[in-house]
Amino acid sequence: MNKLVRKYLFLITSITSIFLSACNLGDGIMERNEEPLASAYANFQELNENYRSTHFEVKLICEAQGYPHPIRVFPSINKQWIIEADAEKSDETQGDYIFYKLNGAGNITDTLYLTYKGYWAELIDDFMVFTNYEEAYYTTWPLNGDTTKRYFKVLNADLNWSAVKVNQHIENAKANSKYWFCKYITNNENSYLKFYYYQNKQWQILWQKVEGFQTVRDEESAGRYSVEVIRTGETDPHLAENITYLHHHRLEKLSYSHNIGGGNPGFDVTNWRGKAFFKTSVNDRDFHFFEPNIAVENEQSDGNKNRFYIVSEPNASAIIFTPLIYKVPNSFAFYTSDRNKLYLIREKIRSK
């Protein structure tokens, strides 16, 4: 090869390299990793409604808008599960919500849409309880799907009971009732304690006038009877204990930012974005999945724990990636990593 040809080849190579570098700078990608994905992860899939598997079914069971936790899951009676989701789609539906009832196999058996009327329902085993200043009633929808309103028996509505009598009645009810809870309310600058309890197969309410507004402690609230097992919208960069991080396949090196909030300045990071691979289990069978566009960070000051962030594009603000899974023993699992979506994962029937 003569010198002239070598000179032209060198020139063409240089121009090509400069052009490709300019393209990379133009799209914000500093470097690309051309190494192939290890074969061990070739069959992993992104966890969404398009997941297809011989062993598992993945179903998008609920979608909802809202902030911060628009979808919440509660255990219910008879091995059932209740999903409570914000139903707001416009100003007219602001505060509305919808309930889904699932049986032990993970199938939706009933739904209930509730219009917001200034207060929300409380789930207490067989009952869905509604209380505000004017009224108190309940239904047995969790038990049998019945939405008939049944009203509380009201005690001391005229506030004629002595303080001693009221306090003795409350102490007796706390000791002998299956359920009880309190609410403090104000009306026309007056403060009241409303004591609700279930005794002798009857929901009852006792009024008491009190001095000043007081805060109900958690151990006296209705919420203690319905504890969420999983909810969407959680933001923890560290991985849940029941999910195992396996591998990060780097694809693009880029810059992104962390916005701290609270008046504190953010900061920029240069890091690799790629696919993060994870493992968990459903009904004692391994379940694998990956998440795209993930940057992994760890620092010595944090014990070198991995933190996971979604980076949608170069120079974008990183979003904390928080995959959560709740496993129903010997059955299905609930999964979320998106505030607006809840998935159900269940094993297909094994051949005998």
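What's counted below: heavy atoms across the whole structure, side chains too, no hydrogens, waters or symmetry copies.
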Legend entry - D158 and N160: CA distance, side-chain angles, deciding distance, side-chain hydrogen bond (donor to acceptor under 3.5 Å, both in side chains) verdict: CA-CA 6 Å; D158 53 11; N160 285 335; 2.8 Å; yes

Legend entry - Trace of the salt bridge (Lys or Arg N to Asp or Glu O under 4.0 Å) decision for D284 with K327: CA-CA 10 Å; D284 295 327; K327 305 174 185 180; over 6 Å; no

Inset, instruction - For the pair K183 and E220, evaluate salt bridge (Lys or Arg N to Asp or Glu O under 4.0 Å) and give the outcome as yes or no after the intermediate values. - result: CA-CA 9 Å; K183 287 188 177 182; E220 295 182 331; over 6 Å; no

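Aromatic pair Y198/F127: centroids less than 6.0 angstrom apart. A centroid separation of less than 6.0 Å is found between the aromatic rings of H169 and Y197. In this structure, Y326 has its ring center at least 6.0 angstrom away from the ring center of Y335. Aromatic ring centroids of F195 and W180 lie under 6.0 Å apart. Here the two rings, on Y196 and W203, have centers that are 6.0 Å apart or farther. With ring centers used as reference points, F332 lies 6.0 Å or more from Y343. The six-membered or imidazole ring of F287 lies near that of F56, with a centre-to-centre distance under 6.0 Å. In this structure, H258 has its ring center under 6.0 Å from that of Y309.
Counting only N and O atoms by type, the side chains of E347 and N283 include a donor and acceptor under 3.5 Å apart. N144 and D146 share no donor-acceptor pair across their side chains, judged by distance under 3.5 Å alone. Checking S53 against K348 by side-chain atom types alone, no donor-acceptor pair falls below 3.5 Å. Side-chain polar atoms of Y51 and Q45 form no donor-acceptor pair below 3.5 angstrom. Residues D86 and Y97 have side chains that never bring a donor and an acceptor to within less than 3.5 angstrom of each other. Residues S317 and N259 bring a donor and an acceptor atom of their side chains to less than 3.5 Å of each other. At a cut-off of 3.5 Å, with distance as the only test, a side-chain donor of N132 or E134 sits close to an acceptor on the other residue.
At distances below 3.5 Å, at least one donor-acceptor pair connects side-chain atoms of N242 with backbone N or O atoms of I325. At distances below 3.5 Å, at least one donor-acceptor pair connects side-chain atoms of N167 with backbone N or O atoms of A163. Between the side chain of N176 and the backbone N or O of N172, at least one donor-acceptor pair lies under 3.5 Å. N298 contributes no side-chain N or O that, together with a main-chain N or O of K305, makes up a donor-acceptor pair within less than 3.5 Å. Judged purely by atom type and a 3.5 angstrom limit, Q80 uses its side chain to pair as donor or acceptor with the backbone of I77.
Summarising the geometry, atom CG belonging to L114 is positioned 12.0 Å from atom CH2 belonging to W120; distances are rounded to the nearest 0.5 Å. To the nearest 0.5 Å, atoms CD (E122) and CZ (R224) are separated by 10.5 Å. In this structure, OH on Y133 lies 14.5 Å from OH on Y119, to the nearest 0.5 angstrom. Put simply, CD on E84 and CG on L123 are 6.5 Å apart, with the number rounded to the nearest 0.5 Å. Atoms OG1 and CD1, on T115 and I98 in that order, are 10.5 Å from each other to the nearest 0.5 Å. The structure places CG of N78 at 10.0 Å from CG of D125, a figure rounded to the nearest 0.5 Å.
Geometric assessment of K101 against the ring of W141 yields a positive cation-pi assignment under the 6.0 Å and 45° thresholds.
The aromatic rings of Y151 and Y137 are tilted relative to each other, their planes meeting at an angle between 30° and 60°. Taking the six-membered ring where tryptophan is involved, the planes of Y245 and F278 are tilted, since the angle between them lies from 30° to 60°. In this pair, F44 and H288 present their aromatic rings tilted. The plane angle is within the 30 to 60° band.
When each of T232, I61, I230, T336 is checked for a side-chain contact (heavy atoms from CB on, under 4.5 Å) with I71, only T232 meets the rule.
Other residues, nucleotides and ligands contribute at most 12 non-hydrogen atoms within 6.0 Å of the CG atom of N43. By the 6.0 Å contact criterion, OH on Y113 is enclosed, its count of non-hydrogen atoms from other residues, nucleotides or ligands being greater than 12. When the shell of 6.0 Å around CD of E211 is examined, it contains 12 or fewer heavy atoms from other residues, nucleotides or ligands. Open room surrounds CG on N330; 12 or fewer heavy atoms of other groups in view lie less than 6.0 Å from it. Taking a 6.0 Å sphere around NZ of K117, one finds it holds 12 or fewer heavy atoms contributed by other residues, nucleotides or ligands. The number of heavy-atom neighbours closer than 6.0 Å to CD of E219, taken from other residues, nucleotides and ligands shown, is above 12.
Listed by chain and number, the residues in a salt bridge (charged side-chain N to carboxylate O under 4.0 Å, His left out) with E299 are R307 (sequence neighbours excluded).
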Which donor-acceptor pairs under 3.5 Å do side chains of residues 265-274 form with protein atoms, sequence neighbours excluded?
unit_1 : atom_1 : unit_2 : atom_2 : d
T270   : OG1    : S255   : OG     : 3.1
N271   : ND2    : Y256   : OH     : 3.1
N271   : ND2    : V296   : O      : 3.0
R273   : NE     : E252   : OE1    : 3.1
R273   : NH1    : V311   : O      : 2.9
R273   : NH1    : S312   : O      : 3.0
R273   : NH2    : E252   : OE1    : 3.2

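Between L246 and K279 there is a side-chain heavy-atom pair separated by less than 4.5 Å. Put simply, the side chain of W81 reaches to within 4.5 Å of the side chain of V229, judged on heavy atoms. A heavy-atom distance below 4.5 Å is not found between the side chains of L102 and N107.
Here the closest heavy-atom approach between residue L206 and residue W161 is recorded as CD1-CZ3, 3.6 Å. In plain terms, the two heavy atoms of D110 and G145 that are nearest each other are OD2-CA, 3.8 Å. A87 approaches T93 most closely through the heavy-atom pair O-OG1, 4.0 Å.
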